[in-house]
Amino acid sequence: MNATSDTAPVKAKHATELLGKAPSIDELVPALSFLGERLVRILPGELARISGGDPPVVRAGMPMDTTLGGIQSELETLAAHALLGAGPKNLPLLATFEAAPVFRLVDRAFGGNGVVPDPLPDRFPVSAELLLARIEGAIAATLSQLFSHETATLVRPLRRDTSLRQLDPFDMRADLLQLSLDIEEAGAEPWTLSLAFPVTTLGPLLLPQRKPARARAAPRKAGPTEEPFASLLLELTAVLVDMPMPMRRLSALRPGDVIPVPVSRAVPLMAGGQIIATGTVGELDDMVAVQVGQAF
(Lines give C-alpha, C1' and ligand atoms only; values in the text may rest on other atoms or scores of the structure.)
Protein backbone atom coordinates (compact mmCIF):
# COMPACT_ATOMS: atom_id res chain seq x y z
CA MET A 1 0.00 0.00 0.00
CA ASN A 2 1.41 3.42 -0.99
CA ALA A 3 1.31 6.31 1.44
CA THR A 4 -0.76 9.29 0.33
CA SER A 5 0.76 11.77 2.76
CA ASP A 6 4.17 12.62 4.16
CA THR A 7 2.87 12.43 7.70
CA ALA A 8 1.58 9.35 9.50
CA PRO A 9 -2.10 9.41 10.54
CA VAL A 10 -2.69 10.28 14.16
CA LYS A 11 -4.84 7.85 16.11
CA ALA A 12 -7.72 9.34 18.05
CA LYS A 13 -7.19 9.77 21.77
CA HIS A 14 -9.89 10.22 24.38
CA ALA A 15 -9.57 12.43 27.43
CA THR A 16 -9.43 10.53 30.71
CA GLU A 17 -11.82 13.12 32.13
CA LEU A 18 -14.52 11.73 29.79
CA LEU A 19 -13.69 8.02 30.09
CA GLY A 20 -12.80 7.95 33.76
CA LYS A 21 -9.64 6.56 35.31
CA ALA A 22 -8.52 3.29 33.69
CA PRO A 23 -8.01 0.33 36.04
CA SER A 24 -4.42 -0.43 36.98
CA ILE A 25 -2.55 -3.65 36.19
CA ASP A 26 -2.61 -4.51 39.93
CA GLU A 27 -6.41 -4.41 39.81
CA LEU A 28 -6.63 -6.50 36.65
CA VAL A 29 -4.16 -9.32 37.51
CA PRO A 30 -6.51 -11.07 40.00
CA ALA A 31 -9.44 -10.66 37.60
CA LEU A 32 -7.44 -12.15 34.70
CA SER A 33 -6.22 -14.99 36.96
CA PHE A 34 -9.85 -15.83 37.72
CA LEU A 35 -10.66 -15.64 34.01
CA GLY A 36 -7.82 -18.13 33.37
CA GLU A 37 -9.30 -20.54 35.93
CA ARG A 38 -12.65 -20.45 34.13
CA LEU A 39 -11.03 -20.61 30.68
CA VAL A 40 -9.23 -23.91 31.41
CA ARG A 41 -12.59 -25.51 32.23
CA ILE A 42 -14.32 -24.52 28.97
CA LEU A 43 -11.54 -24.44 26.34
CA PRO A 44 -10.79 -28.21 26.43
CA GLY A 45 -14.30 -28.99 25.16
CA GLU A 46 -13.93 -26.50 22.30
CA LEU A 47 -10.50 -27.92 21.33
CA ALA A 48 -11.85 -31.50 21.44
CA ARG A 49 -14.27 -30.59 18.65
CA ILE A 50 -11.25 -29.81 16.46
CA SER A 51 -9.25 -32.96 17.19
CA GLY A 52 -12.23 -35.29 17.47
CA GLY A 53 -10.61 -36.92 20.52
CA ASP A 54 -10.76 -36.56 24.28
CA PRO A 55 -10.61 -33.04 25.73
CA PRO A 56 -6.99 -32.05 26.45
CA VAL A 57 -5.68 -30.85 29.80
CA VAL A 58 -5.29 -27.06 29.76
CA ARG A 59 -3.33 -25.14 32.40
CA ALA A 60 -3.14 -21.36 32.73
CA GLY A 61 -0.04 -19.58 34.02
CA MET A 62 0.08 -16.42 36.08
CA PRO A 63 -0.66 -13.21 34.13
CA MET A 64 2.53 -11.35 33.20
CA ASP A 65 2.78 -7.68 32.22
CA THR A 66 4.49 -7.08 28.88
CA THR A 67 4.34 -5.10 25.61
CA LEU A 68 4.26 -6.05 21.93
CA GLY A 69 8.00 -5.52 21.86
CA GLY A 70 8.40 -7.96 24.74
CA ILE A 71 6.32 -10.59 22.94
CA GLN A 72 8.36 -10.17 19.77
CA SER A 73 11.67 -10.47 21.63
CA GLU A 74 10.68 -13.88 23.06
CA LEU A 75 10.03 -15.38 19.60
CA GLU A 76 13.00 -16.99 17.89
CA THR A 77 11.24 -18.61 14.92
CA LEU A 78 8.10 -18.32 12.81
CA ALA A 79 4.90 -17.55 14.74
CA ALA A 80 1.30 -16.71 13.92
CA HIS A 81 -0.37 -13.72 15.57
CA ALA A 82 -4.17 -13.50 15.50
CA LEU A 83 -6.04 -10.30 16.31
CA LEU A 84 -9.44 -10.88 17.93
CA GLY A 85 -12.11 -8.29 18.67
CA ALA A 86 -14.51 -8.35 21.62
CA GLY A 87 -17.94 -6.76 21.66
CA PRO A 88 -19.47 -4.22 19.29
CA LYS A 89 -16.39 -1.96 19.57
CA ASN A 90 -14.02 -4.84 18.67
CA LEU A 91 -11.87 -4.33 21.77
CA PRO A 92 -8.57 -5.91 20.66
CA LEU A 93 -6.74 -8.90 22.08
CA LEU A 94 -3.92 -10.98 20.62
CA ALA A 95 -3.41 -14.76 20.36
CA THR A 96 0.10 -15.98 19.50
CA PHE A 97 1.03 -19.47 18.25
CA GLU A 98 4.62 -20.59 17.71
CA ALA A 99 5.29 -22.52 14.51
CA ALA A 100 6.54 -25.87 15.87
CA PRO A 101 3.35 -26.81 17.78
CA VAL A 102 1.22 -25.80 14.79
CA PHE A 103 3.19 -28.06 12.42
CA ARG A 104 2.98 -30.92 14.93
CA LEU A 105 -0.80 -30.54 15.10
CA VAL A 106 -1.10 -30.42 11.31
CA ASP A 107 1.02 -33.56 10.89
CA ARG A 108 -1.11 -35.40 13.44
CA ALA A 109 -4.30 -34.26 11.71
CA PHE A 110 -3.06 -36.05 8.55
CA GLY A 111 -2.25 -39.27 10.43
CA GLY A 112 1.39 -38.56 11.29
CA ASN A 113 3.20 -38.67 14.63
CA GLY A 114 3.62 -34.91 14.97
CA VAL A 115 6.77 -34.35 12.90
CA VAL A 116 8.08 -30.78 12.68
CA PRO A 117 9.84 -29.70 9.45
CA ASP A 118 13.55 -29.03 9.86
CA PRO A 119 14.34 -26.31 9.09
CA LEU A 120 11.06 -24.51 9.69
CA PRO A 121 9.64 -22.77 6.60
CA ASP A 122 9.30 -18.99 6.54
CA ARG A 123 5.53 -19.12 6.17
CA PHE A 124 2.60 -21.35 7.10
CA PRO A 125 1.07 -23.62 4.42
CA VAL A 126 -2.66 -23.54 3.70
CA SER A 127 -3.25 -26.61 5.90
CA ALA A 128 -1.69 -24.81 8.89
CA GLU A 129 -3.68 -21.63 8.18
CA LEU A 130 -6.91 -23.66 8.20
CA LEU A 131 -5.99 -25.29 11.51
CA LEU A 132 -5.09 -21.92 13.02
CA ALA A 133 -8.47 -20.56 11.96
CA ARG A 134 -10.22 -23.42 13.77
CA ILE A 135 -8.18 -22.91 16.95
CA GLU A 136 -8.89 -19.16 16.83
CA GLY A 137 -12.59 -19.99 16.53
CA ALA A 138 -12.38 -22.23 19.61
CA ILE A 139 -10.67 -19.46 21.61
CA ALA A 140 -13.19 -16.88 20.43
CA ALA A 141 -16.13 -19.13 21.35
CA THR A 142 -14.69 -19.75 24.82
CA LEU A 143 -13.99 -16.08 25.52
CA SER A 144 -17.46 -15.13 24.25
CA GLN A 145 -18.92 -17.26 27.04
CA LEU A 146 -16.58 -15.85 29.68
CA PHE A 147 -16.99 -12.20 28.73
CA SER A 148 -20.80 -12.29 28.70
CA HIS A 149 -22.30 -10.33 31.58
CA GLU A 150 -25.65 -8.58 31.38
CA THR A 151 -25.47 -8.65 27.58
CA ALA A 152 -23.67 -11.07 25.27
CA THR A 153 -20.12 -10.05 24.38
CA LEU A 154 -19.17 -11.77 21.14
CA VAL A 155 -15.47 -12.35 20.46
CA ARG A 156 -14.52 -12.85 16.81
CA PRO A 157 -11.26 -13.41 14.89
CA LEU A 158 -10.39 -10.34 12.80
CA ARG A 159 -7.10 -11.02 11.01
CA ARG A 160 -3.84 -12.96 11.26
CA ASP A 161 -0.22 -12.34 10.29
CA THR A 162 3.26 -13.70 11.00
CA SER A 163 4.51 -10.14 11.53
CA LEU A 164 3.38 -8.11 14.52
CA ARG A 165 4.39 -4.94 12.71
CA GLN A 166 2.19 -5.79 9.72
CA LEU A 167 -0.69 -6.92 11.94
CA ASP A 168 -0.46 -3.72 14.02
CA PRO A 169 -2.98 -4.92 16.63
CA PHE A 170 -2.48 -1.96 18.99
CA ASP A 171 0.14 0.55 20.09
CA MET A 172 3.59 -1.03 20.46
CA ARG A 173 4.01 0.69 23.84
CA ALA A 174 0.59 -0.27 25.22
CA ASP A 175 0.58 -1.99 28.62
CA LEU A 176 -0.46 -5.63 28.18
CA LEU A 177 -1.24 -8.57 30.42
CA GLN A 178 -0.23 -11.91 28.88
CA LEU A 179 -1.80 -15.24 29.82
CA SER A 180 0.02 -18.43 28.74
CA LEU A 181 -1.93 -21.65 28.24
CA ASP A 182 -0.22 -25.06 28.33
CA ILE A 183 -2.16 -27.75 26.47
CA GLU A 184 -1.50 -31.46 26.97
CA GLU A 185 -3.16 -34.11 24.78
CA ALA A 186 -2.91 -37.87 25.18
CA GLY A 187 0.04 -39.32 23.28
CA ALA A 188 1.27 -35.95 22.04
CA GLU A 189 3.89 -33.41 23.07
CA PRO A 190 2.40 -30.51 25.07
CA TRP A 191 2.07 -27.18 23.29
CA THR A 192 1.54 -23.58 24.34
CA LEU A 193 -0.37 -20.56 23.14
CA SER A 194 -0.54 -17.11 24.68
CA LEU A 195 -3.25 -14.46 24.93
CA ALA A 196 -2.28 -10.81 25.36
CA PHE A 197 -4.81 -8.19 26.49
CA PRO A 198 -4.30 -4.42 26.53
CA VAL A 199 -5.29 -2.90 29.85
CA THR A 200 -7.83 -0.78 27.96
CA THR A 201 -9.49 -3.99 26.72
CA LEU A 202 -9.53 -5.85 30.04
CA GLY A 203 -11.06 -2.96 31.98
CA PRO A 204 -14.43 -2.94 30.18
CA LEU A 205 -14.51 -6.75 29.86
CA LEU A 206 -13.55 -7.80 33.38
CA LEU A 207 -14.76 -4.81 35.38
CA PRO A 208 -17.98 -3.85 33.55
CA GLN A 209 -19.73 -2.46 36.64
CA ARG A 210 -16.88 -0.13 37.58
CA LYS A 211 -18.28 3.28 38.61
CA PRO A 212 -16.71 6.30 40.28
CA ALA A 213 -17.07 6.05 44.03
CA ARG A 214 -19.02 8.83 45.69
CA ALA A 215 -17.19 10.63 48.44
CA ARG A 216 -19.05 10.15 51.70
CA ALA A 217 -18.23 10.05 55.34
CA ALA A 218 -17.85 6.52 56.65
CA PRO A 219 -17.30 5.23 60.17
CA ARG A 220 -13.67 4.42 60.89
CA LYS A 221 -12.87 0.72 60.68
CA ALA A 222 -9.96 -1.09 62.27
CA GLY A 223 -7.10 -1.81 59.84
CA PRO A 224 -5.11 -5.04 59.54
CA THR A 225 -2.44 -3.70 61.95
CA GLU A 226 -5.00 -2.97 64.67
CA GLU A 227 -6.93 -5.22 67.02
CA PRO A 228 -8.91 -7.39 66.75
CA PHE A 229 -7.29 -8.23 63.38
CA ALA A 230 -3.61 -7.71 64.27
CA SER A 231 -3.34 -10.96 66.28
CA LEU A 232 -5.39 -13.05 63.85
CA LEU A 233 -3.29 -15.95 62.45
CA LEU A 234 -3.70 -16.71 58.75
CA GLU A 235 -2.22 -19.62 56.84
CA LEU A 236 -0.04 -18.36 53.97
CA THR A 237 0.60 -20.80 51.11
CA ALA A 238 3.29 -20.42 48.42
CA VAL A 239 2.24 -22.50 45.41
CA LEU A 240 5.56 -23.59 43.92
CA VAL A 241 4.07 -26.27 41.66
CA ASP A 242 0.54 -26.76 40.34
CA MET A 243 0.83 -29.71 37.96
CA PRO A 244 -2.31 -31.59 36.81
CA MET A 245 -1.56 -35.20 35.81
CA PRO A 246 -3.89 -37.61 33.97
CA MET A 247 -5.07 -40.57 36.05
CA ARG A 248 -3.55 -43.06 33.58
CA ARG A 249 -0.10 -41.54 34.09
CA LEU A 250 -0.52 -41.19 37.85
CA SER A 251 -1.52 -44.86 38.22
CA ALA A 252 1.55 -45.93 36.24
CA LEU A 253 4.10 -44.20 38.51
CA ARG A 254 6.82 -46.44 39.90
CA PRO A 255 9.80 -45.88 42.24
CA GLY A 256 12.60 -44.29 40.26
CA ASP A 257 10.35 -42.48 37.76
CA VAL A 258 11.38 -38.90 37.08
CA ILE A 259 8.65 -36.25 36.87
CA PRO A 260 9.64 -32.87 35.35
CA VAL A 261 8.49 -30.13 37.73
CA PRO A 262 7.91 -26.72 36.10
CA VAL A 263 8.38 -24.00 38.74
CA SER A 264 6.79 -20.73 37.64
CA ARG A 265 8.87 -17.57 37.70
CA ALA A 266 5.93 -15.85 39.42
CA VAL A 267 5.03 -17.91 42.50
CA PRO A 268 1.53 -17.08 43.82
CA LEU A 269 1.12 -16.48 47.56
CA MET A 270 -2.36 -17.40 48.78
CA ALA A 271 -4.32 -16.72 51.95
CA GLY A 272 -7.81 -18.09 52.44
CA GLY A 273 -7.81 -19.48 48.90
CA GLN A 274 -7.16 -16.04 47.36
CA ILE A 275 -4.00 -14.84 45.62
CA ILE A 276 -2.64 -11.90 47.63
CA ALA A 277 0.82 -11.53 46.07
CA THR A 278 3.34 -13.07 43.69
CA GLY A 279 7.07 -13.51 44.10
CA THR A 280 10.19 -15.29 42.93
CA VAL A 281 11.87 -18.29 44.56
CA GLY A 282 15.31 -17.76 46.07
CA GLU A 283 17.41 -18.55 49.14
CA LEU A 284 17.84 -16.80 52.49
CA ASP A 285 20.05 -18.09 55.33
CA ASP A 286 20.30 -21.56 53.71
CA MET A 287 16.54 -21.75 53.46
CA VAL A 288 14.20 -21.58 50.47
CA ALA A 289 12.57 -18.15 50.40
CA VAL A 290 10.09 -16.20 48.27
CA GLN A 291 10.77 -12.55 47.48
CA VAL A 292 7.52 -10.62 47.00
CA GLY A 293 7.48 -8.88 43.64
CA GLN A 294 3.86 -7.77 43.44
CA ALA A 295 1.13 -7.49 46.10
CA PHE A 296 -2.56 -7.12 45.26
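Just so we're clear, the structure is a prediction, and the values are computed from it rather than from any experiment.
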Could you see if [X] belongs to whatever hydrophobic cluster contains [Y]? Use Ile, Leu, Val, Met, Phe, Trp, Tyr and a side-chain cutoff under 4.5 Å.
X: Leu195; Y: Val40; answer: yes
X: Val102; Y: Val115; answer: no
X: Leu84; Y: Ile50; answer: yes
X: Val126; Y: Ile135; answer: no

Do [X] and [Y] have side chains that get closer than 4.5 Å, going by heavy atoms?
X: Leu181; Y: Arg59; answer: no
X: Thr278; Y: Leu269; answer: no
X: Ser180; Y: Met62; answer: no
X: Val116; Y: Asp107; answer: no
X: Pro169; Y: His81; answer: no
X: Gln178; Y: Pro63; answer: no
X: Leu146; Y: Leu39; answer: yes
X: Leu28; Y: Leu177; answer: yes

Taking the side chain from [X] and the backbone from [Y], do they hold a donor-acceptor pair closer than 3.5 Å?
X: Asp168; Y: Arg165; answer: no
X: Ser144; Y: Val155; answer: yes
X: Asp171; Y: Arg173; answer: yes
X: Arg159; Y: Leu167; answer: yes

(message) Students often mix this up, so state it plainly: with edges at 30° and 60°, are the rings of Phe147 and Phe197 parallel, tilted or perpendicular?
(response)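 Correct class here is perpendicular.
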
(request) Over all heavy atoms of both residues, which pair between Phe170 and Ala196 is shortest? Give the atoms and the distance, please. (result)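 Closest approach of Phe170 to Ala196, heavy atoms only: CZ-O, 4.5 Å.
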
(message) For a quick test of reading the model, state the closest non-hydrogen atom pair linking Leu179 to Gly61 and the distance between them.
(response)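 In this case the closest contact between Leu179 and Gly61 is CD1-O, 3.2 Å.
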
Within a 6.0 Å radius of atom [atom1] on [X], are there more than 12 heavy atoms belonging to other residues, nucleotides or ligands?
X: Asn113; atom1: CG; answer: no
X: Glu129; atom1: CD; answer: yes
X: Glu226; atom1: CD; answer: yes
X: Asp161; atom1: CG; answer: yes
X: Glu235; atom1: CD; answer: no

Quick one: pull up [atom1] in [X] and [atom2] in [Y] and give me the separation to the nearest 0.5 Å.
X: Leu206; Y: Leu35; atom1: CG; atom2: CG; result: 5.5 Å
X: Thr201; Y: Leu91; atom1: OG1; atom2: CG; result: 5.0 Å
X: Asp182; Y: Thr192; atom1: CG; atom2: OG1; result: 4.0 Å
X: Thr200; Y: Leu176; atom1: OG1; atom2: CG; result: 8.5 Å
X: Thr162; Y: Arg160; atom1: OG1; atom2: CZ; result: 10.5 Å
X: Leu132; Y: Ile139; atom1: CG; atom2: CD1; result: 9.5 Å

(message) Assess whether a salt bridge exists between Arg108 and Glu185, defined as any Lys/Arg side-chain N lying under 4.0 Å from an Asp/Glu carboxylate O.
(response)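 Salt bridge present between Arg108 and Glu185.
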
(request) Give a yes-or-no answer on whether the side chains of Asn90 and Arg156 include a donor-acceptor pair shorter than 3.5 Å. (result)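 The criterion, which ignores hydrogens and geometry beyond distance, is satisfied for Arg156 and Asn90.
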
